[in-house]
Amino acid sequence: MAINMFMFLVLLPIIFFSKSVVSISNFSLAKPNCKDHCGKIPIPYPFGLTEECSLNKYFLVTCNKISRYHRPKAYLMNSRTQISNISLNGQIRVLQEIAHDCYAPNGTFVSGNNPGITLPDHYTVNNTANKFTVIGCDTYGHVHTRRGHVHGSRGHNYMTGCAATCDTKDDLVEGSCTGIGCCQTLIPKGISFVEVKLRSFDNYAFVNDFSNCGYGFVVEESVFSFSPQKFANLRDGKKLPLVVDWGIKNESCLEARKSMSSYACKSSNSECSDPSSGPGYRCFCKKGFEGNPYLPQGCQDIDECKDPDLNDCEYHCENEEGSYKCSCPKGYHGDKDGHGCPRDEPREHDPELELKLKLVAGFALGIIALIFVASWTYFELRRRKLIKMKQTFFLQNGGLLLQEKLKKRDRSLLEMVKIFTSSELKRATNNFHESMIIGKGGYGTVYKGVLQDNKILAIKKSKEIDPSQIEQFINEFIILSQVRHRNIVRLLGCCLEAQVPLLVYEFIGNGTLYENIHTKDKSRFLSWEKRLKIAAETAGVLSYLHSAASTPIIHRDIKSANILLDALFTAKVSDFGTSRLVPMDRAQLSTMVQGTLGYLDPEYMQTSQLTEKSDVYSFGVVLVELLTGRKALSYDKPEEEINLTNFFLYTLRKDRLFEIIEGNIVCDETREQIIEVSKLAKKCLNVRGEDRPTMKEVAIELDALRLGGRNSWAKDEDDREEIESRFGEGLDSVSFSDDCSDSITVPG
Ligand SMILES: *[C@@H]1O[C@H](CO)[C@@H](O)[C@H](O)[C@H]1NC(C)=O
Ligand SMILES: *[C@@H]1O[C@H](CO)[C@@H](O)[C@H](O)[C@H]1NC(C)=O
Ligand SMILES: *[C@@H]1O[C@H](CO)[C@@H](O)[C@H](O)[C@H]1NC(C)=O
Ligand SMILES: *[C@@H]1O[C@H](CO)[C@@H](O)[C@H](O)[C@H]1NC(C)=O
Ligand SMILES: *[C@@H]1O[C@H](CO)[C@@H](O)[C@H](O)[C@H]1NC(C)=O
């Protein structure tokens, strides 16, 4: 089947190609080495242009050319009967003159003729295809015919005719030949002689204003159609076709077969046929063959399968000699005609088949059941594994640690945070998609998440399963679950069943303070007022953490990047991963040094003794950042400017403070406040922790500045003097306070 299909596909183009070749140029019409055309008229054997090429003299065709400029004309035998077409079906078309009969307006006969045609033996006029036709408005015509002029006898004569009249030209109807201007009549069967004669009733006396001629002819009915406009065209020597039947000899098939030598239909696949009337016998190719039945091997097989019009196979067609066979796919059988393909009816009670079917069905069922069981087991195992994994993660992520720590504390706090499921957070962050990342750092990644109720969250995802990181997460969780403050980013919940622990915060929309200071487009909008507000709020919350909360908390990583801003530029301190709870009974805590370079308390770096004053130092750096718009460490600056703290203190000593203050915050109204804050920053940046103010003092000072008051806590005279001498009118030789001398050596 596959091969057949293949061959069909491959042969298809060739079929189309060869089909045109066969039917147009490769059809053998004539005998070998014989011309098969006269001009454009095909001349098939038994006709021929020479005696050798034709069957006998009756089929000799004379091909005459008047000049090289004229198309040659074919004539039957040596007669003047012109042939226009020869068909092997037993017909030729001959062209015949039109008879006319014309009168002058005074009623005298002007011109007329009565053309006739005499056919040789073996030819008769076809009586069904032709009609005797008369055209005119005052005319009648008759046709003289003769049948069977066998062996020179005159045969039998017949005559028939009709009349056509009309009173006005308007009576004539296109295509209608019923007596008004046109009449038609049948002619007798088997005639071989025709002669047309025309007469007029009144010599056109009453119609000569529009008509003066009548016409008559025997014509192939299907090609002639009456038309009033074409009246005149019928003259001009025009000729009309007449269908003439022909046959071989004057014998019937039965008689012809007796003398095999002269029998015309002896070629293979050719058969003889007697016409219902008409002369002799004819040959035809058998059904399923085509070609010229009169030539040896002239009938060739028709490949019915190549032409869908020739076969009615539904499924597959197979050509055979003289016919074709339809075949059906397996399981179907051809119907009686071999065309349709109804399904095979199942054989009844074939025990062997039934057994086989049962076996197959059983086997299939077994496999299905097996697949079902296997997949159920797989999914169940996966489900259990997932649960187990989540439990492992929970433990690994410090779930127990958390539970334990929480047990000791106020249980109600735990109720304030929500435990999110991992799938919930996955959905909220579009499976932690890159486009949802809003922050990245050493601690991990912060994603923006949208819950189903459109609540926006920030979700902090630890970078990897690093136990120390997890500890930090738990730490942050515990600290944040204990503190509620409007300037601390709010922890909403957590998720421990994911591979890495996740913390869920309120979403703060305006980015970090770091971004807002160090991005040009944003810093323009960070006015002095806003900066002061942020500083005051941050100081306030640190002061709260250091003293107000039940157990003091040291943040340990205060920096501009850990201060978030909301739409109203409210500061929200975040990232409590490294924060420490300080037991009340211990003033100092020895820890591993943690924090961010540039913000780190130099004393803590040296001693590893953690106190609240470390946060004060870091906050001092943030103050300087706010004042100068410079980064804590800028490696792209000259060496003396890399460390902002040092450079700030240096400019302060050199009385060149306003050289490094952010330009767009300086104006007459802010100048004094800037000086105050700078002084405060300097105090915070004292190398000795003890000399730094507490966060509470800083917060009060900043609040006071915001509210327009003067500093409330550092009003001692020394300070005042210092301020006045340092920032007063052009005092050049200022002595710097001792605090700063060991951190920066003054050049010159
Ligand atoms: C054309 O006809 C000749 C002989 O009649 C035959 O040999 C040849 O194969 C035919 N060509 C095609 C394309 O059918
Ligand atoms: C000749 O006769 C054939 C068959 O009847 C027909 O298909 C063909 O069109 C005819 N040709 C002319 C020129 O009349
Ligand atoms: C009729 O007219 C034709 C030409 O129009 C003329 O030759 C003929 O002599 C006329 N006959 C009579 C009887 O007037
Ligand atoms: C056919 O014609 C031949 C002569 O051409 C004649 O001898 C013969 O008898 C005729 N046969 C019939 C059946 O007319
Ligand atoms: C006359 O022509 C028609 C149509 O072509 C044909 O069907 C009929 O067989 C012909 N008659 C004879 C006697 O051949």
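Side chains included, hydrogens not; waters and symmetry mates left out as well; all remaining heavy atoms used. Read the numbers this way: they start at 1 and go in the same order the structure lists the ligands and their atoms.
Judged by distance alone, the side chains of Asp202 and Tyr103 never bring a donor and an acceptor atom under 3.5 Å apart.
When atom types are taken as modelled, the side chain of Tyr204 and the backbone of Phe210 share no donor-acceptor pair closer than 3.5 angstrom.
Contacts between Glu221 and ligand 5 below 4.0 angstrom, taking non-hydrogen atoms only, are absent altogether. Within the 4.0 Å heavy-atom criterion, neither part of Lys189 lies near ligand 5.
For atom 14 (O) of ligand 3, the nearest protein heavy atom lies under 4.0 Å away. Protein non-hydrogen atoms do reach within 4.0 Å of atom 11 (N) of ligand 3. In this structure, atom 2 (O) of ligand 5 has protein heavy atoms in its sub-4.0 angstrom surroundings.
Close N/O approach between Asn126 and ligand 5 is found [any backbone or side-chain N/O within under 3.5 Å].
For ligand 3, the atoms sitting less than 4.0 Å from at least one non-hydrogen atom of Thr108 are 1 (C), 11 (N), numbered in the order shown with element in parentheses. Counting the atoms of ligand 5 from 1 in the order shown, those under 4.0 Å from a heavy atom of Thr128 are 1 (C), 2 (O), 3 (C).
The shortest contact between atom 9 (O) of ligand 3 and any protein heavy atom is with Asn106 ND2, 4.6 Å. The nearest protein atom to atom 4 (C) of ligand 5, hydrogens excluded, is given as Gln91 NE2, 4.1 Å; this is a heavy-atom distance. Looking at atom 5 (O) of ligand 3, its nearest protein heavy atom turns out to be Ala104 CB, 4.2 Å.
Remark: Glu220 engages Arg93 in a salt bridge, criterion side-chain N to carboxylate O under 4.0 Å. Of the charged side-chain nitrogens involved, at least one lies within less than 4.0 Å of a carboxylate oxygen, so that Glu221 and Lys131 count as a salt-bridged pair. The existence of a salt bridge linking Glu380 and Arg383 is confirmed by a sub-4.0 Å separation between a basic side-chain nitrogen and an acidic carboxylate oxygen.
Outside the 6.0 Å centre-distance limit, the rings of Tyr45 and Phe59 are not counted as a close aromatic pair.
Not less than 2.5 angstrom separates the SG atom of Cys317 from that of Cys326. With Cys53, the cysteine Cys34 has an SG gap short of 2.5 Å.
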